[in-house]
Structure formats: C-alpha cells, structure tokens
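The structure displayed is predicted, hence computed values, not measured ones.
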Amino acid sequence: MTPVRFASRWRRQPRWVALTGGLLLTGMAHAQPAPAVHTLTGLLERARLESPALATSRAEQQSARAGLITARALPNPEVAIEPGHLGARRGDTAAGASLAVSVIQPLPNPWLREARQQTAAARVDGTLAQTGALQSQLNAAIRDRFFDLLRLRGERQALAEDLQLAEQIRDRIGLRTKTGETPRFDLLRAEGEVAGVRKNLEATRLRERQAMFALRQLVSPALENEFELQLQTEDMRVLTDTDYLSLKYAVVERNPEVLVARQGLLTAETQIELERRLAMPQVALRVTHERDPSMQLSRVGAQVTLPLFDRREGPIAEARAGVERARLALEQRRFEADTAFEGAWQAYRAALSQVQAIEGGILERARQIVAIAEAAYRLGERGILEYLDAQRQFRLVRNELLTARFEWQRARTELERLAGR
C-alpha cells in the first residue's frame, strides 16, 4: 500500500477518529463551557512562548550577552595619593608637608580586547545553541505526551464500549440463568468479565489524568485543566524516502546536540587565543606630581608588566586540552546522532508496517470472529467462554493497533528531534 493511499484511508476511518481523540463530552452540564481544543502545532507554539524552562534558558542568554558589555569595557584609571612630611637636615633646607599624586591609566591591548570579545560572543552563541537543544527536547516531549494522551483516550473510549457490551451480556445471561437455560457458572464468568473491564477502565482514566497534567506541565502553567486534542492532516502524514533524505541532511546540519558540541569547540578555540593575548606585556601610562615646601616635580612615563616568569603556559595548555576534549565530544555527538537517526528510521518503518498489517485485515478478521462467536452463542452452538475469548482477542488486537500507532508517532518524534525540528 502506498503512503498516500494509506494516509487517505486512515482519514476515512471513523473508528480511528473515535479511538484517538474525538470530542468526548460525556456527562457535562449544558451550562458549562465546552473545553478548549488544542492542536499539536498550537501546543508547541504556546510552549515556545510560555514554557518556564525556556524562560530560564532565555535568562541565561541575557546573562551571556552581559558578558559582551564586560568584554568591551575599558580599564579604569588608578589614582595614588601619598602625603608626607619633609624634614630639614641642613639649615638652608625648608621643612614642611609634602604631597605626591600619581595617576595610572592602563592602556588597553587591542588584540587582548578583541580576544575577550570573541570569547564572550562565543559564549552567547553557546547559550543560543543550548536554548535550541532545550527547545527541541521540549518539542519531542510534548509530541510524546500529545500522542500518549490520544492513545489513552482511545483506550478509555474503547473500554467504555467494552464495559457497556459486557454489562449487556451479563444481564442477558442473568435472565437466562433465572429461567434455567444457562448454568450459573456462565453468569459468574460474565460478572468477572464486567469487573475486569471496569477495573481497566478506571485505571485508564487515572493514567489519562496523569498524562493531561504532564502535558500541561510541559506546555504552560496557564494551560487549562480540561482540554481536548485535535489531530491535523500533517500529524498523520506518512514520511517518504524524500523526507528521509531531508531529515538525514538536517541531522548533519541542525542536530541540537551536534550544534551545542560544535559551539563548545569554537568557544574552546577562542579561549586559547585569549590565554595567548593575556601573556603579552601589559602597558600603563603613569603621571606623577610631587610637591614639597621648596619645589614641585612632575613626571610622565610608562610602566610595563613583563611576562618573564609567568608566561601563562599552564592556562594555555589547559585551553589546548579543552579544545581537544571539545573536538572529541563533537565527533562523538555526530556519531551518536547518525546512529540514533538510522535506528529511529528503522523503528518508524517497523511501526508503520505493524499499523498497516493490523489495519489491512487483522483487526477486521478479529471483529468478524467476534460477530460469528456472538451469533453462535445466541443460537446455542457455542458457550459463553468462546464468546468472551473472541471478545478478549479482539480487544488485544485493538490495543495493539493503538500501541502501534503511538510507537509510530514516537519514532517520528525522535526523527524530528534529531533533525532539530
């Protein structure tokens, strides 16, 4: 079956819509407003604007940008005031108070200043890359929660239908038991089936509530407590070989972890240049004015800090080791991203094949078996055990389909995360 025919067939199936997130407005009063309806695209956009995690990452960007202001700042002058007293050793020498004032202005090294600015800019780019990686991880988590919630809602609605059917079977058997047409053992089996389905339904409802709160925690604290989910055509589109090539190219160029590692390498390289510039002589302009009772003296000169003993060999070696470490980390991230992408693509194809196989005939055959078993039971040709077993097998196949669809979307989520989308 081609991807286009498969996708169009999926959209035509009303049961899939019922199992994966149709509007479930049961038991609500007419006076209460209808719950909000959110699409996956809308939730992702809202998370981009309102997510606390992303807000924290943006604050780190502001802190890194403040480092650029620090890197551009010029050194402050230093003022030294030295009052003293001049004592006379001879009779013709005046005695009294003396004062020396010195102003020292360090001269900025243009190469050192440029290296500092490059290092600060690299750190800003690093925080941007970290925010992009966090955004990609958040999108993947929201997609997982979105489709997991749809799966749970589909299971809940299916279990509600199963419970209604099981109760009808139990009531029918109860009447036949009263008239003596059916042994009491069949009634006990039917009651056990009702109890089991009801237990599974309650457990699924609790998991659904947990999934809703988890999705709300990822998106925004302002997200409604009660909401519905709506699938869009793009959400269910089957990826083709063209999409595979596009995603694989994006993994090489825009994978979030690779971008973070690449930026880490650039930052480490700028650190080497900064350490080299710090080893250069530092020059400062010095102006001194001295005054005593008999004379005044002014001096203008320069003082130079010579790197004779400390040439910053240790920090430079540490920076070089950091570059090598960052380079190896980048290679590791590239390898991990490439292998993870291939694994996710194989998982995507496997899940898609399973969905197609179940939809292509397995589910329909299980439904036919249930219909045959029900007809045979009504005619007295089969017992309740055979009928309940057919129902149970159909339920297993239906749950396998829901799980396969979820795994299909999870693999696609991983592909898009690796591609930085």
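Within the 4.5 Å cutoff, the side chain of L43 has heavy atoms near those of the L223 side chain. R151 places none of its side-chain heavy atoms less than 4.5 Å from the side chain of R405. Looking only at side-chain heavy atoms (C-beta outward), E269 and L266 come within less than 4.5 Å of each other.
Under the salt bridge (charged side-chain N to carboxylate O under 4.0 Å, His left out) rule, E275 has a single partner from R312, R320, R116, which is R312.
Between the side chain of S63 and the backbone N or O of A59 there is no donor-acceptor pair closer than 3.5 Å. Judged purely by atom type and a 3.5 angstrom limit, R113 uses its side chain to pair as donor or acceptor with the backbone of R72. No donor-acceptor pair closer than 3.5 Å links the side chain of D338 to the backbone N or O of R334. With hydrogens and angles ignored, the 3.5 Å screen pairs a side-chain donor or acceptor of Q282 with a backbone N or O of M280. When atom types are taken as modelled, the side chain of S51 and the backbone of R48 share no donor-acceptor pair closer than 3.5 angstrom. For the pair Q105 (side chain) and P75 (backbone), a donor-acceptor distance under 3.5 Å is present.
Between R237 and E234 a salt bridge is recorded (basic side-chain N to carboxylate O distance below 4.0 Å). Salt bridge R277/E114: absent, no basic N to carboxylate O contact under 4.0 Å. Look at R286 and E78 and you find no salt bridge, because none of the NZ, NE, NH1 or NH2 atoms lies under 4.0 Å from a carboxylate O.
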Begin from the C-alpha positions of D162 and R398 and carry the test salt bridge (Lys or Arg N to Asp or Glu O under 4.0 Å) through to its verdict. CA-CA 11 Å; D162 292 342; R398 182 190 57 201; 2.4 Å; yes
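For residues 207-232, the pairs satisfying ring-ring contact (aromatic ring centres under 6.0 Å, His included) are H38-F227, with sequence neighbours left out.
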